[in-house]
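Because the structure is predicted, anything quoted here is derived from the model rather than measured. Lettering of chains follows the sequences in order, A, B, ..., and the numbering in each one begins at 1.
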Amino acid sequence: MTHPLLIGLNAQQQRAVQAIHGPVLVLAGPGSGKTRVLTHRIAYLINEVGVRPYNILAVTFTNKAAREMRERLGNLIGESRAHDVMMGTFHSICARWLRRDIQHLQRANDFVVYDADDQQRVMKQILRELDLSEKQYNPRSIHARISAAKNELIGVAEFARSVSSYFDEIVLRCYERYEKQLFANNALDFDDLLLKTVNLFEYHPEVLARYAERYVHVMVDEVQDTNRVQFSLVNHVGAGHNNYFLIGDIQQSIYAWRGARLANVREFEEAHPDVQIIPLEQNYRSTQPILDVAQSIIDAAHDRRHTTKIWTDQQEGDLVSLVEAYDHNEEARWVADEIMRIRGRDGRSLDDFAVMYRTNAQSRAFEEAMISRGLRYKLVGGTRFYERKEIKDIVAYLRIIHNPHDEVSLLRVINVPGRSIGDRTQQELLQWARNLDISIWDALELLVTNEAQNPPIGGRARNAVEQFQKLVAGLRDLRHDLMLGELIQRLLERVPFQDLLVAEYGEEEGAERWENILELQNVSMEYLALPTEDQLPRFLEEVALVSDVDSLDTSKAREPGVTLITLHQAKGLEYPVVFLAGLEEGLLPHGRSIDDPESIEEERRLLYVGTTRAKQRLYMLYAFKRATWGRTDLTIPSRFLGDIPKDLLQRTPIREVKQMPVHAATQWQSSTPQRTRGAQPSPSSMWSGTSGPARPKRPEREPSAASYNAGDKVRHANFGEGVVVSSKMVGDDEEVTVAFPGKGVKKLLAAFAKLERV
DNA sequence: TATTGAAGCATTTTT
DNA sequence: TGCTTCAATA
């Protein structure tokens with residue numbers, strides 16, 4: 001008789017769920033029900049094999065994946081048992097371990113976690129102190145080098161041994177300083193969370209033994225995207241019981257640039273000759289026509305050692321559409337129009353649609369197109385919630401309340417709101433603290449208690465600094481006694497953020513940003529269940545570690561909307577209708593990877609990931625010309641499109657093309673040297689003049705005429721009634737200059753501003 | 001010290 | 001193009 005937890009699973013999936021001993025490697029294709037297998041396996045281990053939830057470790061790629069899995073698991077075995085399984089991303093799991101055991105490394109456990117922005121600030125300060133010019137040595141690339149080293153388990157000492165260039169010399173000096181600074185600030189960066197955990201395990205085997213003994217089963221999702229540190233962690237913790245369960249898809253490996261090593265998988269196989277390898281080949285997500293396209297893209301890969309054939313029994317389905325737009329604006333408008341069309345025809349929710357692109361910068365055109373049509377959208381990435389200035393400011397206050405030695409946060413808000421503590425004073429303070437070898441906070445305390453021998457600042461600056469110190473000290477006194485929500489409330493009472501935001505951004509945007517702060521207060525309510533003194537630290541930790549996809553279907557995103565997302569972030573997600581935009585040389589594959597064959601292959605896999613997100617309908621788009629920071633260039637369609645057999649695609653003409661005589665199109669085509677020039681045939685030549693209609697438009701197409709004239713009366717949602725002063729076409733948009741009585745003269749984009757005629 | 005304006009520079013992808 | 005950074009001024 002089939003066990004209840006195995007019902008509805010295919011043979012391969014059942015095998016994976018029931019493989020309870022020894023090392024297991026599951027090679028899963030896209031849409032093969034990975035999460036389901038993982039969830040059912042955990043439930044099976046607990047219910048059937050009698051493993052205690054506490055003894056299971058499951059690592060996911062995003063917090064969102066962990067949350068979803070925990071929820072499903074709760075339905076299968078009950079919430080409280082699901083809660084006891086150790087589940088999360090490498091970063092969040094390591095953060096929890098370090099809170100508990102970092103004292104073995106001679107560090108305090110109330111560390112703060114620095115995000116990319118904080119890391120950058122530290123780096124800049126270091127360059128300043130080392131007297132290196134930021135122009136000559138880009139703080140970002142120096143930090144990137146350090147980060148890469150940490151991901152390869154290379155600490156300062158090892159790095160020093162491998163220095164081989166002048167740039168490395170510089171990096172080494174910064175690396176040393178950077179580590180010292182983080183230590184002094186009692187901070188860890190993202191990479192430290194992993195690296196310090198490995199250090200902890202290696203320097204203190206007795207600590208590792210505790211964990212290795214505890215975790216009887218170690219499971220890792222998306223194993224193809226693990227880097228060296230992460231895999232080292234897996235090997236350490238899993239060594240106790242040798243029950244590994246690694247699941248992933250080699251063809252979806254898209255994070256090599258972040259240090260991910262496919263070699264991890266190969267080395268694992270070599271180290272464990274008894275490994276069971278289980279494929280999951282049936283795809284439950286997409287229709288056959290979509291999978292055919294995906295398969296043709298991946299079949300053209302150079303390295304085909306790992307090609308798993310995926311199949312589906314959903315034979316029926318629409319052909320994949322290939323669309324050429326005139327430029328990025330038309331691309332966006334067409335997508336928006338198509339969404340409106342399909343939504344009406346098929347009665348779909350906006351949640352069913354996703355637009356995917358290579359770079360975040362591409363989102364803008366889509367946002368504008370959605371706004372002008374009144375379509376709601378959810379932008380994933382870009383500036384995330386916790387990266388917004390106003391949010392980071394509040395968080396910085398909370399951080400120094402928690403840990404006042406966090407110099408980055410302290411300097412961030414010492415002059416927010418403006419207290420006339422300018423750069424000069426700040427540098428004086430910093431220098432003073434450095435000379436005394438104490439933290440800035442300690443220096444402030446010296447100042448306030450009048451114990452300072454020869455303080456570098458006096459008069460009004462000193463007064464302002466002391467005020468700030470007292471503000472923070474006052475809040476610090478409350479931190480253990482107040483709930484997080486109340487603490488934030490007190491902070492907002494003592495620091496007039498609302499006025500500040502209105503002053504800085506004006507009524508409208510100020511109000512919007514204030515909303516964000518209120519939302520933050522809302523979030524803080526989720527920590528009510530914890531003991532009062534734990535609320536702040538846990539909150540700060542999660543703030544640093546949540547990613548944007550994590551919040552995709554929580555909080556205000558509840559209302560339906562079209563998802564705008566990068567291909568990288570789309571991994572693991574699925575949508576009934578997917579638009580893949582900007583399939584052009586230079587964009588996908590991206591210009592930065594174009595001269596490295598390995599990177600090109602990664603770009604190919606990225607496209608594969610994109611195509612396999614679609615359940616029923618897939619559109620692939622490219623534009624005839626594209627504007628990249630000012631300059632507009634003609635494009636070449638992505639080489640990957642050339643790998644797709646033509647009969648798998650339907651050319652979908654853009655509306656206007658219907659009116660265009662065929663001969664005109666042909667004529668125009670042959671007179672376009674840019675498109676056909678060059679020794680090798682470009683991929684575009686595969687498309688020209690063959691199947692389907694040709695180029696939809698002439699580049700010299702007349703822009704449509706302005707529709708507003710001077711003297712017209714209009715109404716704007718915020719400014720009220722006004723009179724048009726002038727109007728001109730800017731690109732494809734109409735820029736209307738309107739005088740609003742009492743509000744001044746505003747320049748508005750007609751597509752954007754939703755003007756009403758009066 | 002804060003504010004203003006001009007110049008110059010930048011876009012992969014993220015936990 | 002849109003933002004950050006730098007320099008000049010009050």
Side-chain angles (χ1 to χ4, degrees), chain A residues 59-66 88-95 113-117 119-120 124 134-135 138 140 144 147-148 150-151 188-195 222 225-227 229-230 253-260 328-329 356-365 380-384 386-387 415 417-428 457 459-461 464 503-504 541-550 565-571 582 586-594 596 599 602-603 605-607 609-610 626-632 730-731 733:
Chain A
V59 187
T60 57
F61 192 70
T62 61
N63 290 302
K64 178 174 186 269
T89 60
F90 278 106
H91 288 86
S92 63
I93 288 170
C94 285
V113 178
Y114 277 178
D115 69 11
D117 178 62
Q119 292 163 21
Q120 189 99 352
K124 281 187 180 166
E134 267 186 43
K135 290 203 179 110
N138 176 256
R140 266 181 44 206
S147 173
K150 288 185 174 183
N151 282 318
L188 298 181
D189 66 15
F190 278 152
D191 307 309
D192 283 338
L193 290 174
L194 310 180
L195 181 59
E222 308 285 12
D225 287 325
T226 53
N227 60 31
V229 200
Q230 292 170 333
S253 144
I254 54 175
Y255 281 96
W257 56 271
R258 203 171 79 184
H328 65 286
N329 285 320
M356 301 179 186
Y357 36 78
R358 177 65 231 266
T359 64
N360 279 306
Q362 287 170 261
S363 68
R364 179 170 248 114
V380 183
T383 32
R384 306 158 188 203
Y386 287 112
E387 284 169 7
N415 201 27
R419 299 184 176 91
S420 288
I421 307 174
D423 205 41
R424 176 81 183 280
T425 310
Q426 290 178 31
Q427 290 303 319
E428 291 284 357
I457 54 171
R460 64 200 185 291
E504 193 165 341
E541 183 175 306
E542 279 177 46
V543 161
L545 297 179
V546 290
S547 70
D548 207 42
V549 259
D550 294 335
I565 193 169
T566 64
L567 287 163
H568 281 90
Q569 295 198 100
K571 189 170 70 156
L587 220 39
L588 189 77
H590 193 273
R592 294 283 248 246
S593 41
I594 231 137
D596 173 25
S599 311
E602 181 151 312
E603 300 281 306
R605 294 191 293 268
L606 193 54
L607 180 58
V609 168
R626 184 168 298 268
T628 30
W629 67 91
R631 184 197 269 100
T632 300
V730 179
D733 282 317

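- Annotation: side-chain hydrogen bond (donor to acceptor under 3.5 Å, both in side chains) contacts of T60(A) (sequence neighbours excluded): none.
- The side chain of R592(A) lies closest to dT11(B), out of dT15(B), dT13(B), dT11(B).
- Comparing dT13(B) with dT4(C), their C1' atoms are spaced 22 Å from each other, to the whole Å.
- Between the R605(A) side chain and the S253(A) main chain, a donor and an acceptor come within less than 3.5 Å of each other.
- Judged purely by atom type and a 3.5 angstrom limit, Y357(A) uses its side chain to pair as donor or acceptor with the backbone of I565(A).
- Taking atom CG of L587(A) as the reference point, atom P of dT11(B) lies 15 Å away to the nearest angstrom.
- Going from the C1' atom of dC6(C) to that of dT11(B) covers 22 Å, rounded to whole Å.
- Among the nucleotides dT15(B), dT11(B), dT13(B), the one closest to any side-chain atom of N360(A) is dT13(B).
- OP1 or OP2 of dT1(B) sits under 4.0 Å from a side-chain N or O of T425(A).
- Mapped onto DNA chain B by nearest heavy atom, A461(A) and T628(A) fall at different nucleotides, with A461(A) at the one closer to the 5' end.
- Atom-to-atom, CZ of F61(A) to P of dT14(B) comes out at 10 Å; the value is rounded to the nearest Å.
- If you find the closest nucleotide of DNA chain B to D423(A) and to H568(A), the one lying nearer the 5' end belongs to D423(A).
- As rounded to whole Å, 16 Å separates atom C1' of dT15(B) from atom CG of D117(A).
- Between N138(A) and dA10(B) there is no side-chain polar atom (N or O) within less than 4.0 angstrom of OP1 or OP2.
- Aromatic ring pairs are classed by plane angle as parallel below 30°, tilted from 30° to 60° and perpendicular above 60°; the pair H568(A) and Y255(A) is perpendicular.
- Neither side chain, T425(A) nor E428(A), offers a donor N or O lying under 3.5 Å from an acceptor on the other.
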Do any N or O atoms of the protein come closer than 3.5 Å to N or O atoms of nucleotides 2-10 of chain C, and which pairs are they?
from	atom 1	to	atom 2	distance (Å)
dT5(C)	OP1	K124(A)	NZ	3.2

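- Side-chain N or O atoms of N151(A) include none that pairs as donor or acceptor with a backbone N or O of A148(A) at under 3.5 Å.
- Between the side chain of D189(A) and the backbone N or O of V113(A) there is no donor-acceptor pair closer than 3.5 Å.
- With a cut-off of 3.5 Å on both pairing distances, the Watson-Crick and G-U wobble pairs of DNA chain C assemble into stems of 3 or more at B:1-9 with C:2-10.
- When the ring-ring contact (aromatic ring centres under 6.0 Å, His included) test is applied to F90(A), no partner is found at least two apart in sequence or on another chain.
- Residue-level contact check: S593(A) touches neither bases nor backbone, having no heavy atom under 4.0 Å from any strand.
- Side-chain proximity of Q569(A) to dT1(B), dT15(B), dT11(B): nearest is dT15(B).
- Rounded to a whole Å, the NZ atom of K150(A) is 21 Å from the P atom of dT14(B).
- Aromatic rings of H590(A) and W257(A) (six-membered ring for Trp) have centroids beyond the 6.0 Å cut-off, not under it.
- Among the heavy atoms of the strands lying under 4.0 Å from R140(A) are primed sugar atoms or P, OP1, OP2 only; no base atom is included.
- If you check every strand for non-hydrogen atoms under 4.0 Å, D225(A) touches nothing.
- The salt bridge (charged side-chain N to carboxylate O under 4.0 Å, His left out) test applied to D191(A) returns no partner, not counting sequence neighbours.
- The distance between atom CZ of R419(A) and atom C1' of dA2(B), rounded to the nearest whole Å, is 16 Å.
- Residue W257(A) and nucleotide dT13(B) are classified as a stacked aromatic pair, their ring centres being separated by less than 5.5 Å at an interplanar angle below 30°.
- Counting any heavy atom pair closer than 4.0 Å across all strands shown, F90(A) reaches no nucleic acid atom.
- Per the geometry, CZ belonging to R258(A) stands 9 Å off P belonging to dT14(B), to the nearest Å.
- In this structure, E602(A) contributes its side chain and A256(A) its backbone to a donor-acceptor pair below 3.5 Å.
- Considering all non-hydrogen atoms of both residues, L194(A) and C94(A) come closest at CD2-SG, 3.7 Å.
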Enumerate the protein-to-nucleotides 5-7 of chain B contacts in which both atoms are nitrogen or oxygen and the separation is below 3.5 Å.
none

